[in-house]
Novice: 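Below you will find the structure I want to go over with you.
Chain letters run A, B, ... following the sequence lines, proteins first, then strands; residues in each count from 1.
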Protein chains: 2
Amino acid sequence: MEKEKQTEEIIFDAAVQVFEEKGIDGARMQEIADRAGINKALLHYYFRSKEKLFDAVFDKLAGVMFKKLFSCFDNELPFEEKLKLFYQEHISFLQAHPRLPSFLLTEINKHPQRVAAIFGSERIMELRQNLFEQMDEDIENGALQDIDKMQLMIDIIALSVFPFAARGLIEIIFKQHDIDFNDFVEQRKTALPIFVINAVKEK
Amino acid sequence: MEKEKQTEEIIFDAAVQVFEEKGIDGARMQEIADRAGINKALLHYYFRSKEKLFDAVFDKLAGVMFKKLFSCFDNELPFEEKLKLFYQEHISFLQAHPRLPSFLLTEINKHPQRVAAIFGSERIMELRQNLFEQMDEDIENGALQDIDKMQLMIDIIALSVFPFAARGLIEIIFKQHDIDFNDFVEQRKTALPIFVINAVKEK
DNA sequence: GTCTATAGAAGGATAGAC
DNA sequence: GTCTATCCTTCTATAGAC
């Protein structure tokens with residue numbers, strides 16, 4: 001029914017908020033119900049248990065995050081341009097979903113098999129392979145030093161994701177220096193591609 | 001008494017393990033008691049409540065982490081040497097305390113005031129100021145580009161800490177590529193200083 | 001200081017009316 | 001499909017014996 005779909009979505013969205021903020025252990029079904037404007041019984045009617053509701057939320061968010069991560073790299077631009085586009089798009093994405101990194105990094109241990117499934121999916125495997133092949137080309141044509149591709153991939157992602165994963169901490173430090181978090185990450189959209197390119201381009 | 005001190009330490013160490021692994025919400029007093037080889041009542045005898053026990057653990061671990069972080073930079077070496085020493089020492093520290101980053105990043109939101117106190121402490125303020133002054137010198141004497149010092153500080157830390165914060169996720173990906181996490185971070189001790197220096201040194 | 005036993009509260013889940 | 005009322009388990013915390 002129309003009504004059914006709507007309620008389910010409202011509940012799901014409320015659950016996303018609460019789980020992102022509190023994690024599965026800290027989240028309360030009562031709070032999710034309150035935020036959705038319904039009662040606890042209805043949560044169970046739609047999702048059966050807290051565990052299953054969490055699973056649904058986790059799968060959705062993990063899928064969104066990882067697809068975005070790799071698709072930002074999915075183009076035929078030369079390495080330097082690819083990097084510029086990546087940080088632009090990826091940091092914009094993180095600005096729109098600032099709690100996603102710490103949520104996923106915290107809860108991922110409870111779902112190793114689910115995450116493995118995502119990374120083993122056709123689409124993600126393909127994107128990752130594309131990325132690595134393009135790096136190989138860039139190494140061959142001399143745009144890139146002959147460095148460890150996995151190390152570089154982690155370096156690149158660390159630089160965009162870490163500030164969001166550590167946001168709570170960073171904001172405390174920034175307050176003491178009168179720095180605004182949003183300004184800070186906004187700057188990184190253009191600063192990081194330069195940083196990384198200097199680090200790895202062939203001299 | 002001798003006995004008293006000993007028991008308190010045993011409980012504390014057990015609490016460190018369980019809180020690091022499960023977080024405050026996921027941790028159970030029963031599990032801490034079991035791991036300490038005593039019963040629940042004794043936990044409350046020594047620490048009064050779960051909350052207070054957690055506070056003690058959190059303060060200790062946060063102190064250890066942040067003091068180590070800044071003290072690794074506390075020397076008069078030129079920038080390049082400082083970086084080499086930092087990554088060597090800091091990654092070794094993280095290898096010895098692999099769960100620390102994700103524990104702190106997750107729980108930090110529940111203790112903003114406590115964390116602010118640590119970062120406002122004399123010792124930490126002093127270490128941080130030293131670090132920034134040394135960066136200024138390196139910029140003046142031309143060893144370093146004239147870049148944003150806060151940005152650079154976050155870049156440097158992101159590169160060492162992120163792999164540990166994201167360890168659960170990274171190990172899943174590495175399994176698909178037959179890469180060993182420990183080998184991976186070991187390599188970073190020497191690779192990261194080069195990476196960062198290339199990124200920021202004056203041409 | 002350490003234990004057993006239990007109180008008391010919280011939270012996930014379900015029954016049953018509408 | 002949605003609500004109220006309530007069950008039942010789990011967990012923190014304490015009382016009281018040794």
Novice: Distance check needed: dA13(C) P versus Leu42(A) CG, whole Å only.
Specialist: 15 Å
Novice: Run the side chain to side chain contact (heavy atoms under 4.5 Å, CB included) test on Phe47(B) and Phe54(B) for me, step by step, so that the C-alpha distance in whole Å, both residues' side-chain angles and the decisive distance to 0.1 Å come before the verdict.
Specialist: CA-CA 9 Å; Phe47(B) 289 92; Phe54(B) 177 80; over 6 Å; no
Novice: Sugar-phosphate atoms are those with a prime plus P, OP1 and OP2; base atoms are the rest. Using that split, label each nucleotide of nucleotides 4-18 of chain D B, S or - for protein heavy atoms under 4.0 Å, 5' to 3'.
Specialist: B------SBBBB---
Novice: Sorted by first residue and then second, give each side chain to side chain donor-acceptor pair (under 3.5 Å) pair with at least one member in residues 70-88 of chain B; sequence neighbours left out.
Specialist: Lys82(B)-Gln134(B)
Novice: Please report the distance, rounded to the nearest Å, between NZ in Lys22(A) and P in dG11(C).
Specialist: 10 Å
Novice: Would you mind classifying the nucleic acid contact of Leu43(B) as base, sugar-phosphate or nothing, using non-hydrogen atoms under 4.0 angstrom?
Specialist: nothing
Novice: Between P on dG12(C) and CD1 on Ile32(A), what's the gap in Å once rounded to a whole number?
Specialist: 8 Å
Novice: Find the distance Asp34(A):CG to dC3(D):P and express it as a whole number of Å.
Specialist: 12 Å
Novice: Within the side chain of Arg188(A), is there an N or O that forms a donor-acceptor pair under 3.5 Å with the backbone of Leu159(A)?
Specialist: yes
Novice: Any donor-acceptor pair under 3.5 Å linking the side chain of Gln145(B) with the backbone of Ala199(B)?
Specialist: yes
Novice: What is the distance, rounded to the nearest whole Å, between atom CD1 of Ile10(B) and atom C1' of dG1(C)?
Specialist: 13 Å
Novice: Between Phe47(A) (CZ) and dT14(C) (C1'), how many Å, whole number?
Specialist: 18 Å
Novice: Listed by chain and number, what are the salt bridge (charged side-chain N to carboxylate O under 4.0 Å, His left out) partners of Glu202(A), not counting sequence neighbours?
Specialist: none
Novice: Asp55(A) and salt bridge (charged side-chain N to carboxylate O under 4.0 Å, His left out): which partner among Lys110(A), Arg114(A), Arg48(A)?
Specialist: Arg114(A)
